[in-house]
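Structure record follows, encoded as structure tokens.
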Amino acid sequence: MSTTLVRTTARRRFSGSGRWWVPYVFIAPFIVVFIVFMVAPIVIAIVNSLFATQTSGLGFGGSETLFVGLGNYLRAFADGDFLMSFARVALYGVVQVPVMMIIAAALALLFDSAVLKLKRFFQFAVFLPYAIPGVIAALLWGFLYQPSVSPFLQLFSSLGISANMLAPGTVLWSIANISIWSNVGINMIILFAALQALPREAYEAARIDGAGEVRIALSIKIPMIAPAVLLTTLSTVIGTLQLFNEPQVLQTITANVSSDYTPNMAIYAASTLGGDTNLGSAMAVILGLATLIVSLVLVRFTNRTPKERV
């Protein structure tokens, strides 16, 4: 009896070992898509950034591609407007990211509590802007930012309040408002889902010890969903560095948004409008490295213990 069982088990193992390639068949589509749409563009951008196309004869004598090494990178770092776009985005992120996360966390905690009624309706209302394409959202808010047609600004004007949402000093925060309105819903959903997975026994024990709802939220709920907070913060930071749709749309209605207002817009202006794909590739590589460095620093900081942060 035991000999038959051993033989059956060995036969099953042998038959399974002959199909070692089966798992790779299932993951092959993902690998192909990942290589084609993720790895290949990065490699092409790096290679393209090391060359430059030069024309001769006033453009009538043809063009030739020359290897320039880090020449395009030096040109990018020598471009003051390109560097200013990073400073502008950094200022934008210092304000927008914390505001986004505070609003998303506050809404998630509110929906997780027993105080709010009609939770489904309000969750849908908060999440709905995320379903609207970014370009459409920017067009909508661009309409609301124009004093001649905006009902809100006209109401403020009738009350003696002068507000110019597209002025040089306020247009950046008008862009931040669009981004927060569009993306706070998805961050709220992620944090709310993490809160729903927490054990309720911890809340009951804290209430027995005399802790209030605010103390429970700050001392128990938020620390226990730290991985979800990190995920949403990281995605918000990456989205900040890749800011493009909102300022690109507002550029059509105000002169206070230049063609190189953000790093992504500067890349688009250099490669598409300026026709210099080599310089645009170098700028794209710089932006990618900056995003990677910021992401690694953020992950490293959040993974440190409280003693290490001091």
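Numbers here simply count residues along the sequence, with the first being 1. This structure is a prediction, so every number in the text was calculated from the model and none was measured.
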Sidechain-backbone polar pair: Asp276 side chain, Ala270 backbone, donor-acceptor under 3.5 Å =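 Flag not set: sc Asp276 to bb Ala270 has no pair under 3.5 Å.
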Exercise. Linking Ile, Leu, Val, Met, Phe, Trp and Tyr through side-chain heavy atoms less than 4.5 Å apart, which residues share a cluster with Val297?
Worked result: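 Once heavy-atom contacts under 4.5 Å are chained together, Val297 belongs with Ile293.
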Does a donor on one side chain and an acceptor on the other come within less than 3.5 Å for [X] and [Y]?
{"X": "Gln251", "Y": "Ser259", "answer": "no"}
{"X": "Gln242", "Y": "Thr291", "answer": "no"}
{"X": "Tyr92", "Y": "Thr240", "answer": "no"}
{"X": "Asn48", "Y": "Ser281", "answer": "yes"}

(request) Kindly state whether the ring of Tyr73 and the ring of Phe77 have centres lying under 6.0 angstrom apart. (result) no
Exercise. Do the two ring centres, one from Phe127 and one from Phe124, sit under 6.0 Å apart?
Worked result: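 When the ring centroids of Phe127 and Phe124 are compared, they turn out to be at least 6.0 Å apart.
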| task | For side chain to side chain donor-acceptor pair (under 3.5 Å), just list the numbers for Asn264 and Thr262, CA-CA rounded to whole Å, side-chain angles, deciding distance to a tenth of an Å, and then say yes or no. | result | CA-CA 5 Å; Asn264 255 344; Thr262 68; over 6 Å; no
Report task. Could you list the residues that satisfy side chain to side chain contact (heavy atoms under 4.5 Å, CB included) with Ser174, not counting sequence neighbours? Result ->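 Ser174 satisfies side chain to side chain contact (heavy atoms under 4.5 Å, CB included) with Tyr145, Met165 only.
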inquiry  = Surrounding OH of Tyr268 (heavy atoms of other residues, nucleotides or ligands, distance under 6.0 Å), is the total greater than 12?
reply    =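 No - once you tally the heavy atoms of other residues, nucleotides and ligands closer than 6.0 Å, there are 12 at most.
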Hey, is Asp81 close enough to Arg88 for a salt bridge, meaning N to O under 4.0 Å?
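No.
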Should Phe51 and Leu70 be regarded as members of a common hydrophobic cluster, given that ILVMFWY residues are connected when their side-chain heavy atoms come within less than 4.5 Å of each other, either directly or indirectly?
yes
Taking the six-membered ring for Trp, are Tyr24 and Trp20 parallel (under 30°), tilted (30 to 60°) or perpendicular (over 60°)?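 Geometry flag for Trp20 against Tyr24: perpendicular rings.
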